[in-house]
Structures are given as structure tokens and as C-alpha cells.
Amino acid sequence: MGDIVLSIVAKLAEYTVGPILDHARYLCCFNNIAGNLPNAKEELELTRNSVKERVEEAIMRTEIIEPAVEKWLKDVEKVLEEVHMLQGRISEVSKSYFRRQFQYFLTKEIARKIEKMAQLNHNSKFEPFSKIAELPGMKYYSSKDFVRFKSRESTYENLLEALKDKSACTIGLVGLGGSGKTTLAKEVGKKAEELKLFEKVVMATVSQTPNITSIQMQIADKLGLKFEEKTEEGRAQRLSERLRTGTTLLILDDVWEKLEFEAIGIPYNENNKGCGVILTTRSREVCISMQCQTIIELNLLAGNEAWDLFKLNANITDESPYALKGVATKIVDECKGLAIAIVTVGSTLKGKTVKEWELALSRLKDSEPLDIPKGLRSPYACLGLSYDNLTNELAKSLFLLCSIFPEDHEIDLEDLFRFGKGMGLPGTFGTMEKARREMQIAVSILIDCYLLLEASKKERVKMHDMVRDVALWIASKTGKAILASTGMDPRMLLEDETIKDKRAISLWDLKNGQLLDDDQLNCPSLEILLFHSTEVDFDVSNACFERLKMIKILAILTSSLNWRRRELMKPFGTSYLSLSLPQSMESLQNLHTLCLRGHILGDISILESLQALEVLDLRNSSFIELPNGIASLKKLKLLDLFNCVIREHNAYEVIGRCLQLNELYLCIYLCAYEEFPHNISLSRLERYVLNFKMYSQSWTDMMEEHRPCRALCINGFNASVQSFISLPIKDFFQKAEYLHLRDLKGGYENVIPSMVPQGMNHLTFLILEDCPEIKCVFDGTTMQTEDAFSSLVILRLYELDNLEEVFNDPSSRCSLKSLEELSIESCRQLYNISFPKNSKLCHLKFLTIDHCPMLTCIFKPSIVQTLELLEQVTISDCFELKQIIEEVEEGSVDYVSSQSHTSLMLPKLRTLTILRCHSLEYIFPMCYAHGLASLEELNIGFCDKLKYVFGSEKEHDLRVYQHQSHPQTNIHINFLNLETLRLTELPNLVEIWPKYFDPHLPNLKELQCIDCPRLPDSWVRRVMIIDSDLQQDSTTTEKELLCSVTTTFNQLSDQVLSSKLRHLQLYGLGVKGLFQFQIREHGSNTELAPLNLDLIYAELSDLPELEFIWKGPTNFLSLQMLDVIYVNRCPKLKVIFSPTIVRSLPMLRTLEITHCEELEQIFDSGDAQTLYTCSQQVCFPNLHYICVEKCNKLKYLFHNFVAGHFHNLIALEIKDCSQLQKVFAFECETDDDDQEGIVMDGEKVLLRNLLRIRLSRLPNFKEIHHGFKLKDDVEEHIINDCPKYSPSLYLHTEE
């Protein structure tokens, strides 16, 4: 009990005595406690200063201070400020009368502050104190060099879209060096960072010689990653783990070769997560080798963009001198859109004088580099890196060789090969075919790294002008100096002291053909000499070639290589472009390639002495005879006598002895008649183009476009079938890729097996023309060979009068798996194509059949299923054609397959044209209509028996459909790409598709229906559809409106016109109305937004039942694009433009209305207030021509329209309108001086541009408009039988 009492007493003492003693201390110890305050304050200030010093040091190290440190400093400053105020109060308390009371409270507060300062001092040890600041990322890169040109916009957007598509984890941005790839990649990276497409965006420069450690460190630095590992592999693993955390975009700039991502530590994108990569490179091959999912090409700047960029860098303004601007535009032209050249040259010339600008232009034109100031990157050095990086020696040599061609020249690869072969470039030794393969590889390398560009035509390349300048610069630095000039006088060569060091001279477009007179050309190192002119004869002196012992290539040209025949005669028989070969040519014993194109050469016997000659090209030239000694030139591999005129007839005999040839190009125009020889056998030939009397534009175009390796074209080949197999020439037939035969004789009823029993599997083009003995192309009944014609791409058959079927192949030995084009024309006995039963025409794209009057059917359903790529079908003048796709009996294999694979039927067909097939009753069965997803144009005309476009008679029977399907269910059919529908003179056409089909043609732009009298008016509305989703940016009101239109007409099983229709042409139909819009009520406050039709051309003719064109709510329909409207022979039509039309037709230029007997108004007068409102705006600013004829109920053309709205009206023609009184009429016409359109003297000048007026047989016509007067400059004013019309005096207007 006592212990309990003691514990209670102790507790009471704790809670009472302690506080009492504290309060006593506050009363008694004021001076002691107050004296400790300055010491505590000083100690805290020292600690604060120390912390601040650490903060400054951390900031200098670009570190971020920890938030706890910043809070501590704020707390310290606050406490110190409170202590300062407290010290002021201490000094004042001794003066107070109540100091005892104040001291108590003040001592208490002082004690608290001392304790607070002690606590802050104690808490001043921070760990961590600061951390390394995160690098700014892509924000670090400035955008000052990036100009958002239009040509860059699409590339920029494509890159962003590729980044958003997470499946494309590696994206290649490829382009010519200096085109702006790095700048664009930075901007895309900044945008990706801004849009938060990735958590981190990191850029690293790779450069020509990739350094794995450097790349790793660049990436790690920007990720804030510290490597502890010492080896590349260890760092790679660490970096890979980091890049797998979150999402990161890596931009690898300036990639020159394939990078091993694993060696760097870049993880491949797994499950579309983790790391994405953009790499910039000059080589498409790099993108391919690194398996880029998307490759995006950066093109050069367009003309205006190049000028804008140049002005920006050269500081050209509107105030700059005119002369300087003229020079500047020429300098920009020399840069050809290359960004680095534009920026560098512009920056170099900024602030310079006009003279300095002119000097710079001269140097650029002469392919000389400018002096680039330090700090600017030379475009020559930039592009030179691409050349230095080439590892293929032949590619390097070809790159330099391309610079001998002029600027903007499209270099034919055949010319490049022949010159390269002549130079003996690396890789061009061995057979010609091997040399060609090596050259193709080298050219591909140059194209991949943009040192060459693909040209507009196949087998041609181009060189950017700046790249060409760099090639010339490199050639001069490496001891291979080239002189390449355009329009230079060759006599200037004697004044050029550097000429002796040149390795190549090429002079283009010469205006003077006198080559150095008798002066000797002193160029001991010269290897290439090329002269070109299309205008002048060349006069080559005998001494010209004497010092050119090293020359390997001599070319005197009138054109690049082409397949067209060049005329060698001027009018009146005078020759031009003659060239006599001097005797000194025999000294050119190192000459490998000789090209003399397009010249009248005369005697060429001197060529026999050129024993080193490998390539002899005399294309398009004329000479007396082919020298016999040509056959003795043992090194001659290529002989080109294409389109040559030879006076003597020994050419074929000489050619037959040229057994050393690898390539022969032969098309000779002999002055003496000669048959094509059958005994030529050149066993070493790898390539040949042999043309005998086949002179046609189609042949030339084919050769120009396709360039086959082995082509044989013979007109009038005559050798019996029995003897053909023993003829030496048979090898040319059997190995040909291109075979064109006309007027074939000798009993050939087929090509295979009569000519080539083995199947002609090399053949890609076969053209047979006017071969009366051919009955079928392929007869497989006597063959054992499989896969005949397996490489055939184009088959054309013309005027084969006895052709009965194309393929007689019951065993399917003929393969047509490569066939892309089939054309059959004027084959009068052809009754069936008879495609081999198991044919798969999976590559057929173009089918043309014309004038085959006996043909009854084209395809079986099993064949149609294989037509996966068919794009264009044209069938015309096949009078007995009953079915395009053969009808098959229900239950047959073909029937089942056609019903079960409808989605695969003709999926790529874009254009279908059927003309003058009078036995055809329908085009396609309905099951094929579903597959026509790509159909863009449907053109059907002049088919007398055609009843349906889609669906047979049976398929149009509604009872059959209801028996097979649900009776109330319509089938929707989509022609989403159909833009053009033309139906012309189809007297029995009653339906396009069955009634139970709902067609959907949202993109129809042209509708033409002419003379289809049995076609009901309902079909018009069925092909003209408005969808609720037509206008993606519609307002809410518009969306509701369009939806209600669709709903209304769906309930009526009707649809309305597509808003994308551009061209409408209707003739000879029984339609009562065209466009009718019925809108549901949305409430009295709902304002309907106008529906805009894009109609441009409307022609309505011979529509005897037409009562309205447009019907619907007032001002509902807007025709902002309408240019021409022509209405003819619509006897029931009363109004052209109803109140439905918004009365502003800003683009209307032509209005022509004829033979509309019931027409009362062109524009419905409607509500007067609406017309007055309309009259306040210009409604017809572009109307040029008005013609109205035989509209006998029309009183006014325009009622309540101001004539001033027609200020561009040029011609007005009105005939045979018996009730017409005025052109423009108003209900209230006055002569008030303030009326709009009246000048000060009261004379109206409203139709200022009206120049031609023709008025005929208008018995009630009074005037054009009230107060109208003729202008003095009117060109034509013809008035016939208008008794009430008496025009006022001429109004003389002053402009």
C-alpha cells in the first residue's frame, strides 16, 4: 500500500514540479538564456553557409539539388529571420514598465528558437545531397536549320506514322549525302519526345568507321547510364538491359554499313515493346541488310523551296539588287535542290559583291569547287565521302565515267556498258554477259547510295549535277582528269594548256564540226574522245588521231542509244551529218570501243585495221558496204548495225563469218533486195536483236521499253516445217526471249511444236501478225514436254485469219503462269481461246479481244478463279460472243467453285469495257459482282441484246431468289472504287443488277447513260447514293440531315445521288426526276445546312418524261463546282433550277437549253423575298455563254435577277422562243437615279463584256434588260425576225 502511495506522489511531482521549475527558470534566467541566442544563431549561419557552398559546387557540376536540402535552406532562412526579429525585441524589453511579464514570455520564445536552431544544425548532414541532372535529350538540338518545306512535310509525317506503328521497330531514312537527313531525323525525334511516343529519345552518330565503344557511350550518356563493365560485350549486355526498361527511340545517324545491334547492346523489338530505331544512311542496301521494316526516301528540294532556303542563308531580301537576284537564281539552279550545297554556297556568298557572285556562278558551271570558309562544310567533301566509302572498284570507275555525259543527261546503261567495256574497267573482262552482270551490280550499288538516280525510262540513270561536279573533281585529283563541256568549239582545245593531262574529253552539242583542222591533238594520256552534235557534219583531219596512241574509246554521235530509225536525208535529197573516216584512224591500235552513230560514212574499210576493237557501234549510220575484214577482228565481241543503210548486199555474208561475236544488233536497210538468210549460225552469241523488214512503231516502243536480251523479228520468213529443224537459224528461234513473226509461210499451223518442240521456255514476248496458216498457237496433242510457255509474259495475235483456237491443249502441257498481257485482234475464225484446263492465270493483268466475230465464250469459271491480278478487260466487235464467263450446269465442279469462292473473283479488276458485242445478254453472273472491289471504270456500249450488266436472266427472276433466300432481305453490294459508269446505246438494257440488290457507289464521279430506252427511271436513283458518313467533318445538323435522308430513302427502297459525282450525261431515258431530297422534320428551330454536290458537267438530252431535275427543301442543294449544264429535248420540264438549289453558281460558265417546249422558268421565281436576298450577291461571276432555243413558254430567262450578276457574260444566243420578252426582268422596274447599276447620266453599263448577241425568230422579244444599250466594242450583233426589238444607240464607255 505504501509503495502505491509513493508512486502516486512521484508522478504528481513529475507533472507539477517540473513545469513549475521551467516557468521559474523563464522568470529568473532571462539573461542567461538570451545570452545563448547569438551563439546558436552564429553556429547555424556557419552551417548554412557551408551547405550553400556545397549547393553552388553541385550546380556547377550540373547536378540537381535534393529537395530535402532546398527545404532545409528555406527553413534555416525563416528561423534566422525570426531570430533577428527576436533580438530586436530583447533590446526593447528592458525599457518596458512591465518588463517582468515580457521577459517571461520572451525567454520562453528564445528557448524554443535555440532548440529549433540546434535541431537544424543536427539535421544538416544530407545523403544524398545532389544528383546528376538528366541531359536535355532532343531539346538540346536547335531547330534553326530546319525549314518545313512541303516536299519535306510528307517525309516528316511518314516517319511519325511509322513510329506510331509500333510494328515497324527499325526505320530507314535514306537519301543523297547532304540532302538533310540528319536535320529531319532530329526534328522527328523532338516531335516524338513531345508527343511522348517514347519515354526516351536518344541520338547517336555512327559515321563511316563505326566505333562500338563510342556508340555505346553516346547512348549511355543520354540515358544517364554509368558503365562499370570494362569489355564491349559487358557494356552491351548492360545497355541492352537498360533499353529493355521502358520505351526508347534510338536515332542512329550517318550509318554506312550494317551494324550488329547485339554487339552494341540494342535489343530487337520484342512484342512491339522496348526499343525503336531510326537510322539515317546514304545507302538503301544498308537499310535492307539491317532489315528495316520501313524505308523512307528523302527527296531533293523542289525549285521554289531551294530558292527560299538559299535566300534565307544568303540574306537575299526584296531590297537586294536586281542583278544579284538574277545571278542568285542561276546559282540555285546549279545546286539542283541539294540542301547542303544551297546552305553552304548561300552562306559563303552572303555579303559578297555581284562580281564575286558572278565568279562563283562561273566556277559552278565549270564544275570547279568554291572556296568554302572555315566552319562551313563543303558539299564536295560531303559527297566525296560517299565515293570514298565504295568498296566495289567497278562502281568507283563507273561513277567517274558517268561524268563524261552532260548535266541532266539520262545515261543509257547500254552506252555506259559499251564505254566501260572499252576502258577495260575492273570486272569487265571475260565474256560480255559476265561483264554485264558485274556492271549491273555496280550500278545498283551507285543507285543504292544515291550517287546515281533512276531516270524516267527503264535502263537509264541520271547523275545529280552537284554529284557530277564532285566526280569531275575526284577525277582531277586522282590523275584521271576529264574535260566535259557542252557547246564548246573543238578548236578551243588547242588553247587549253591542261589538255595534255586529260584522260577523257567529251564535247556535247557541238555547233562547229571542224575538228582541229590539220593540227595534231597533243593528248598523250587521252583514253576517251567523244564528240556529239545533232546539227553539223564532222570534218576530221587526217592528222587528228596521230598522237592518240592510248585512246581506247572513240565516239562521234548524233544521239544516245535508241531503237528508232533516224532519217539520214534532208528534204530534197541533200545529205547531212556526213563523216569521212581519215586514214590516221589505223594508228588507233589500242581502240576498244568505236561508236559512229547517225552519220553518212561512205567507205568504212579503214575499220579492218583496228585489231584491238571489241565494240563496233554503227547504229543509224549509212555506208557503202560492210568490209570483209570485219570478220577477221578476233577481239570483236559486239557488233551493232541496227537501223543501218548499206548500199551493197554482202552484209549478211560477212556477218555470218563473224564467229567471234557475243552480241549482234542487226536491222539493215539494204538498197538491193535480199531475203533473210537461213544459214547464219553464230554459236557464241549471248545476246542478239535481229530485225528483218519489221518496221513499225509498236516494235520500236517494245524494244525501248523492255530491252529483251534475245529478240527475233522477221517479216516473210519462208521455210518449210520439214526443213526448219535442220536450219542453222533455228537456234535464234529457240533461244529468243522476244519473237515477232509476220507473214509466216511454209505450212506452220502452230508455233509449238512446229518450230520449237521443247516448249520455248525462254520466250517472254510472242507476237504473231498476219500469218494465214496458223490454226492454233500451241498444240499439245503431239507433245510430251511439260510447262511450255512458262516464261511467256506478253502474247499478241493480230490478223490470223485461220486461227480457230489459241491453245489446243487437252492435257494441260502449256503453262501460262507468267502471262501478264493477252491481246487478240482481227482473228475472224477464232471460236474459242481454250485456255488449258489447269491454267493458273495468276499474273494476267491486261486482256484485249477485238474483232473476233466467231468467238462465243472467253473464260471457264475455274479459270476466272485464278485471275487474281487482272486489271483491265476490253472486249469489242465480238458479234457472236454470248458469255464472257461460261455458264455451267448446277452440280458441276466449275459451278460449285464459282459459288464458293466469290470473294476471290477478279479482286484487282479496275477497268471493264465491252463494245459492240451484239449477242451478249449479260456481262457477269451476280456471284462475280461481289468480288469487284477495285472496279473504277465500267464502260458498256452498242450491245444490241444486252439486258443486264450483272446477273443472268435466271438471277434476275425474283421468285428464284426468294425461293433460295429470305424473301424480304436485300443483298448489299459495294462498288467502293467505281468512279465512271458509261452505258451507251443499249436498246434492250432493262436492269444493271437484280432488284433485290442494293448497290453502293459512294465514289461515283461520272455517270453517262445514252439511248437506253428500256432502262427504268428507278435505276438512276439506285446508282446515286448519299451516306450518312459522306462528310467526315460535318456539323451535328449535317450528320443528322444526311442520316435522315438515307433513312427516308431506305424506307422507300431508294437512294439519292453521291456527292462525289462530277460528270453526269443522260440520253434517251424514261426518268421522271433525277434528284429528290426528302428530309424528316427535326423541329421548327432546326436549320438545314446545304448539301454540296461536286457536279462539274451535266448533260441531259432526250428525256421525254423528265419533270424535275432537283426537288427538295429550299436552298438545300449547293452546286459550287458546276461548270456546264446542257438540257435538250425534255418536253415536260418546266424549271431547270428549282428553289432547292442555292442560287449561287460561282463556277458556271456555259448554260445551254434547247427544245424544252414546256419550260416556263430557268430559275423558279419562288418567294420574292428569297429572290431579293439572292439578288444582293453576285450569283454568276463566271457565266460566259448562254444559249436558249425552242423554248416557247419561256417569257424571261432570268426573272428578278440583277443583270450586273452576269458581268463576265460574253455571248448570248436565243432562237425560236415565241413568248420570250426579255432576258432580265423585274416585277418593279424603275428609272430611279439611285438604282444599282445606273451611272451618273442614267445609262446602264451592266453587261460590260457582252460581245456577241444573236437573236432569231423572237416575235415578242422587246429588250435584253430595261435601259440596255449596245456597247461600241460589240463584235457581233445579229438580229433576225425580232419585230419588237429595237436596240438603243450605242453606249460609248471609257475604260
Side-chain angles (χ1 to χ4, degrees), residues 132 134-141 159 162-163 168-175 177 181-190 192-193 197-270 273-296 298 377 382 385-386 388-389 391 449:
I132 296 176
E134 186 176 306
L135 295 178
M138 298 306 296
K139 294 176 185 174
Y140 170 77
Y141 300 109
L159 280 167
L163 290 176
C169 58
T170 307
I171 302 163
L173 177 60
V174 62
K181 300 183 295 296
T182 301
T183 303
L184 181 61
K186 288 177 180 176
E187 288 302 309
V188 170
K190 291 172 75 171
E193 192 172 65
L197 299 179
F198 296 85
E199 295 172 13
K200 289 280 187 181
V201 180
V202 173
M203 189 164 188
T205 302
V206 177
S207 74
Q208 269 184 291
T209 308
N211 185 312
I212 299 296
T213 300
S214 171
I215 298 169
Q216 289 173 333
M217 297 305 295
Q218 289 181 71
I219 298 171
D221 281 349
K222 292 162 188 175
L223 292 175
L225 175 65
K226 297 293 185 183
F227 287 128
E228 300 294 335
E229 295 76 15
K230 303 301 181 185
T231 64
E232 283 184 0
E233 184 178 352
R235 288 191 296 270
Q237 292 183 20
R238 180 67 61 196
L239 182 58
S240 179
E241 288 301 312
R242 171 61 184 84
L243 291 175
R244 282 191 170 92
T245 304
T247 58
T248 305
L249 172 63
L250 292 182
I251 301 175
L252 301 178
D253 186 38
D254 201 21
V255 181
W256 290 79
E257 60 187 54
K258 181 181 179 181
L259 290 177
E260 293 296 339
F261 280 179
E262 190 174 288
I264 299 170
I266 301 173
Y268 285 98
N269 194 316
E270 298 168 358
K273 294 180 180 179
C275 188
V277 177
I278 293 178
L279 57 91
T280 73
T281 179
R282 305 182 185 197
S283 172
R284 183 175 287 271
E285 182 59 36
V286 169
C287 296
I288 296 169
S289 66
M290 294 185 67
Q291 299 179 348
C292 292
Q293 286 81 19
T294 302
I295 300 175
I296 297 172
L298 182 60
R377 191 180 182 195
C382 173
L385 286 175
S386 294
D388 294 338
N389 195 62
T391 57
C449 59

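Computed from a predicted model, the values in this text were never measured in an experiment.
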Partner residues of Glu260 under the side-chain hydrogen bond (donor to acceptor under 3.5 Å, both in side chains) criterion, sequence neighbours left out: none
Salt bridge (Lys or Arg N to Asp or Glu O under 4.0 Å) involving Arg242 - partner list, sequence neighbours excluded: none
Taken in chain and number order and not counting sequence neighbours, the residues that satisfy side-chain hydrogen bond (donor to acceptor under 3.5 Å, both in side chains) with Ser283 are none
Decide if atom CD of Glu229 counts as having more than 12 heavy atoms of other residues, nucleotides or ligands within a radius under 6.0 Å. yes
Return yes if a side-chain donor-acceptor contact under 3.5 Å exists between Thr205 and Asp254, otherwise no. no
Using the test salt bridge (Lys or Arg N to Asp or Glu O under 4.0 Å), find all partners of Arg235 that sit at least two apart in sequence or belong to another chain. none
Test side-chain hydrogen bond (donor to acceptor under 3.5 Å, both in side chains) on Thr213 and Glu232; report intermediate values, then the result. CA-CA 6 Å; Thr213 300; Glu232 283 184 0; 3.3 Å; yes
With sequence neighbours left out, which residue pairs that include part of residues 283-294 fulfil the salt bridge (charged side-chain N to carboxylate O under 4.0 Å, His left out) condition? Arg284-Glu297
Who passes salt bridge (Lys or Arg N to Asp or Glu O under 4.0 Å) against Glu199, sequence neighbours left out? none
Using the test side-chain hydrogen bond (donor to acceptor under 3.5 Å, both in side chains), find all partners of Thr294 that sit at least two apart in sequence or belong to another chain. none
Which residue pairs satisfy the ring-ring contact (aromatic ring centres under 6.0 Å, His included) criterion with at least one member in residues 199-241, sequence neighbours excluded? none
If you apply the rule side-chain contact (heavy atoms from CB on, under 4.5 Å), what do you find for Val188 with Ile278, and how did you get there? CA-CA 10 Å; Val188 170; Ile278 293 178; 4.2 Å; yes
Tell me every residue that passes side-chain hydrogen bond (donor to acceptor under 3.5 Å, both in side chains) with Gln218, counting only those two or more places apart in sequence or in another chain. Ser214
